[in-house]
There are 2 protein chains.
Amino acid sequence: MFGNNKSILYFAITLVSVENTITKSSRIREKRKSSKIVKELNKYISVDCVIFGFDYDNLNVLLVDRTLNNDVNGEVLFSDMTLTGNHIYEDEKIEDAASRVLFDLTGLEGIYLEQFKTFANPDRISKPNDRAWLLNDGRDPNKRIVSIGFFALLATQDVTLEWKGRNVKWVPVNEVKELAFDHNDILDEALIALRNKLLQEPIGFELLPDKFTLSQLQKVYEIILGTELDKRNFRKKVARMKYLIPLDEKQKGVAHKPARLYMFSCDVYENTRKDIFGFIV
Amino acid sequence: MFGNNKSILYFAITLVSVENTITKSSRIREKRKSSKIVKELNKYISVDCVIFGFDYDNLNVLLVDRTLNNDVNGEVLFSDMTLTGNHIYEDEKIEDAASRVLFDLTGLEGIYLEQFKTFANPDRISKPNDRAWLLNDGRDPNKRIVSIGFFALLATQDVTLEWKGRNVKWVPVNEVKELAFDHNDILDEALIALRNKLLQEPIGFELLPDKFTLSQLQKVYEIILGTELDKRNFRKKVARMKYLIPLDEKQKGVAHKPARLYMFSCDVYENTRKDIFGFIV
DNA sequence: GCAAAAGTGTTCGGAGTACACCCATGT
DNA sequence: ACATGGGTGTACTCCGAACACTTTTGC
């Protein structure tokens with residue numbers, strides 16, 4: 001852009017031997033209950049996590065059933081869905097709170113997580129269902145609740161869900177109906193942030209298993225950006241990204257020519273990224 | 001990027017006649033005190049505004065003197081600086097609170113303002129000076145304070161400062177010393193957000209008067225991105241941006257060939273931008 | 001053998017980059 | 001007259017865009 005010397009948007013590449021690279025931090029797959037000591041919860045600050053999961057066909061978001069029953073006769077007053085979120089402990093960092101929500105749901109740590117926007121307008125809890133829900137939960141629906149929005153990226157298949165007995169499920173983002181509170185707004189903003197981030201940094205692989213094929217990666221870009229990409233051009237571009245490392249390993253059990261697997265090298269990426277930043281600043 | 005059809009990062013241009021364009025909303029220069037009715041302030045939610053001002057030589061940030069005196073003998077306990085910020089009224093939207101801070105300081109409305117990150121970790125008010133300051137102000141330094149960070153862009157020359165008798169001043173961003181609370185972190189993050197935004201959307205002109213020269217605009221990019229740009233290449237690029245409209249007007253009173261003035265057409269920009277978004281989504 | 005996705009090369013246009021001189025004004 | 005910043009064109013390279021056929025596997 002605008003350039004003298006090297007373009008700022010382009011990535012200078014230095015070669016790093018493949019043996020010295022490290023993939024993204026391996027995830028803890030074993031599940032255990034959150035071992036947090038019970039401390040005071042702040043009822044008016046919450047983190048909301050927009051958890052995106054990709055299943056090779058759709059971009060999904062993780063939603064939680066919210067059903068309010070009549071105390072007396074158990075009649076269902078309403079039933080809808082919310083994003084995943086929770087309140088924070090008084091001495092907890094907000095990033096830790098977001099990681100905790102994610103861990104409680106999925107048993108995974110080291111997931112890509114990014115703060116994208118905060119929602120704190122007074123009218124975000126004005127709908128009758130939301131007010132009833134808060135009252136039932138012992139909260140004051142007239143008090144402002146600050147929600148700090150994070151989005152997380154993971155491969156749907158890496159996860160089996162559980163969350164405190166509540167029903168959670170994956171919903172394709174374009175099939176999401178009306179959600180609780182202002183969660184539709186939060187989801188929309190998360191999608192915008194995700195798109196912008198995807199155009200700026202290579203985070204697409206975060207939605208895939210550690211080893212993935214180029215077609216899978218291409219599909220990530222196509223679905224999030226809502227466009228179709230040319231296979232040959234895409235692969236030429238990937239060839240320039242030295243941090244996407246081809247493995248001597250192929251897909252198995254597919255009814256067609258098996259594709260080569262690739263992995264992302266965080267190490268190579270960080271090294272090459274430093275060069276640009278040193279140049280800009 | 002990755003392309004089939006048209007590149008997503010490039011701006012499709014449609015021609016719009018200059019007569020139909022509107023510049024950015026004209027700013028109210030007349031000063032008046034904020035006419036807000038006094039309502040309850042929420043002492044634990046604040047907006048912090050990183051107000052950037054450009055003066056053709058430096059990118060500056062607006063800082064406020066913070067001096068704590070001993071109640072008894074008036075001795076100065078410490079003196080440092082903070083970003084501009086304030087608490088929010090219970091029924092106020094956060095964007096409105098940020099606009100209000102900006103208006104109280106500068107008397108300007110319609111300024112470019114963007115939420116960029118929220119700071120809410122419990123250790124952000126751990127420094128002794130900060131704790132003393134909060135105590136003196138009747139607040140509990142052990143309670144978490146959520147600060148929603150905004151940054152604002154304006155031309156230093158468009159503003160004469162006043163803020164409730166407190167001393168405010170412009171400081172070049174690379175001469176900022178240690179600030180109160182975690183305001184150095186907030187400033188750093190604001191700079192990163194500003195850089196990213198500048199690479200993504202044409203907001204450079206927000207740091208300039210309504211009518212500006214191309215050299216001034218170039219300097220905005222050079223200083224914020226920390227790089228040098230070639231004059232001819234920059235001008236070729238600008239020629240492609242149809243929303244930067246050359247005027248039949250020149251600089252006056254300069255001791256060299258007077259430069260042509262340009263303005264930004266928000267109208268043209270929005271129209272051309274729709275084309276791309278319609279294409280992506 | 002057939003269905004299904006993997007994999008591969010070339011041409012064209014446009015943008016990024018590097019580079020040097022004359023012009024209009026105020027003092 | 002001179003100092004100061006304004007304003008302009010060309011050549012090269014690289015990337016983005018468009019486009020079609022062969023290969024390998026499972027069934």
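Just so we're on the same page: letters track the sequence lines, and every chain starts at 1. Remember, predicted model here, so these are calculated numbers, not experimental data.
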Could you check how far CZ of A:Arg235 sits from C1' of C:dT10, rounded to whole Å? 18 Å
Look at the rings of A:Phe151 and A:Tyr112 and say which category their plane angle falls in: under 30° parallel, 30 to 60° tilted, over 60° perpendicular. tilted
Round to the nearest Å and state the distance from A:Leu261 atom CG to C:dA6 atom C1'. 12 Å
Under the salt bridge (charged side-chain N to carboxylate O under 4.0 Å, His left out) test, residues paired with A:Arg235 that sit two or more places apart: none
Listed partners of B:Glu189 passing side-chain contact (heavy atoms from CB on, under 4.5 Å), at least two apart: B:Phe116, B:Lys117, B:Phe119
Rounded to whole Å, the CG-P distance (B:Leu229 to C:dG16) equals 12 Å
Got a sec, which residues hit side-chain contact (heavy atoms from CB on, under 4.5 Å) with A:Ile192, two or more places apart in sequence or on another chain? A:Asn196
Could you check how far CG of A:Asp230 sits from P of D:dC21, rounded to whole Å? 15 Å
Contacting residues from residues 251-260 of chain B, given that a heavy atom lies under 4.0 angstrom of DNA chain C: B:Val254, B:Ala255, B:His256, B:Lys257, B:Pro258
Distance check needed: D:dT23 C1' versus A:Lys231 NZ, whole Å only. 11 Å
Apply side-chain contact (heavy atoms from CB on, under 4.5 Å) to B:Asn60 and list each qualifying residue two or more places apart in sequence or on a separate chain. B:Asp55, B:Asn58, B:Thr156, B:Trp170, B:Pro172
Is a donor-acceptor pair below 3.5 Å formed from side chain A:Lys237 to base D:dG16, judging by atom type as modelled? no
Atom pair distance, as rounded to whole Å: NZ in A:Lys219 and P in C:dA6: 10 Å
Can you tell me how far C1' of C:dA5 sits from CD of A:Glu222, to the nearest Å? 13 Å
On the side chain of A:Asn233, is there an atom forming a donor-acceptor pair with the base of D:dC15 - under 3.5 Å, no angle test? no
Pair A:Glu270-A:Tyr243, side-chain donor/acceptor within less than 3.5 Å: no
Please determine, for the side chain of B:Arg240, which listed nucleotide (C:dG16, D:dG6, C:dT8) has the closest atom? C:dG16
Taking CD from B:Gln218 and P from D:dG7, how many angstroms apart are they, rounded to a whole number? 11 Å
Would you say B:Ser215 places a side-chain N or O within less than 4.0 Å of OP1 or OP2 belonging to D:dG6? yes
DNA chain D nearest-nucleotide lookup for B:Arg232 and B:Gln216: closer to the 5′ end is B:Gln216
OP1 or OP2 of C:dG9 under 4.0 Å from side-chain N/O of A:Lys236: no
Residues two or more places apart in sequence or in another chain: which of them pass side-chain contact (heavy atoms from CB on, under 4.5 Å) with B:Lys211? B:Leu247, B:Glu249, B:Leu261
